[in-house]
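As structure tokens, the structure follows; a few thoughts come after it.
Given the structure is predicted, the values throughout are model-derived calculations rather than measurements.
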Amino acid sequence: MLFGHLRPACSACGWIYFADPKVAVAALIERGGQVLLVRRANDPQRGLWTLPAGFIDAGEDPVRAIERECLEETGLSVRVESLIDVISGQEHPREHIS
């Protein structure tokens, strides 16, 4: 069990197969006129500031995905009030919008 699902993985190198359409979600979390940002932990653009965001797993609801990503990236349990947009693309070599 990896990241909440049974996934093919290589025990030698740690590679994990994620079957997903490369759709990402991002959260705009605002409180008191301030917006929550996180530092990117991975390339591309490691170290730069961004909204909490991540990939939607295959079959996962976008609202549940952003709640999961916020918990993973910030430790915060959030409740999504509205879904603004879902964007997918292939502009990056990893086939997602960075």
On a heavy-atom basis, the closest approach of Arg68 and Ile56 is NH2-CA, 4.4 Å

Pro62 and Val25 have their tightest heavy-atom pair at O-CG1, 3.9 Å

Could you work out, with salt bridge (charged side-chain N to carboxylate O under 4.0 Å, His left out) as the rule, every residue matching [X], not counting sequence neighbours?
X: Glu81; value: Arg79
X: Arg31; value: none
X: Arg39; value: none
X: Glu67; value: Arg64

Under 3.5 Å: donor-acceptor pair, side chain of Arg46, backbone of Ala41: yes

Donor-acceptor pair, Gln45 side chain versus Leu48 backbone, under 3.5 Å?
-> no

Side chain to side chain contact (heavy atoms under 4.5 Å, CB included) partners of [X], counting only residues at least two apart:
X: Leu36; value: Ile29, Pro52, Thr74, Leu76
X: Ala53; value: Ala26
X: Ile16; value: Leu2, Phe3, Arg7, Ala9, Phe18

(Q) So Val78 and Ile66, do their side chains get closer than 4.5 Å, heavy atoms only? (A) no

Residues joined to Val35 in its hydrophobic cluster, side chain to side chain under 4.5 Å directly or through other members, sorted by chain and number, are Leu28, Leu37, Trp49, Leu51

For Leu6, the hydrophobic cluster (side chain heavy atoms closer than 4.5 Å, chained through members) also holds none

Margin query: How about CD on Gln34, more than 12 heavy atoms from neighbouring residues, nucleotides or ligands closer than 6.0 Å, or not?
Written below: no

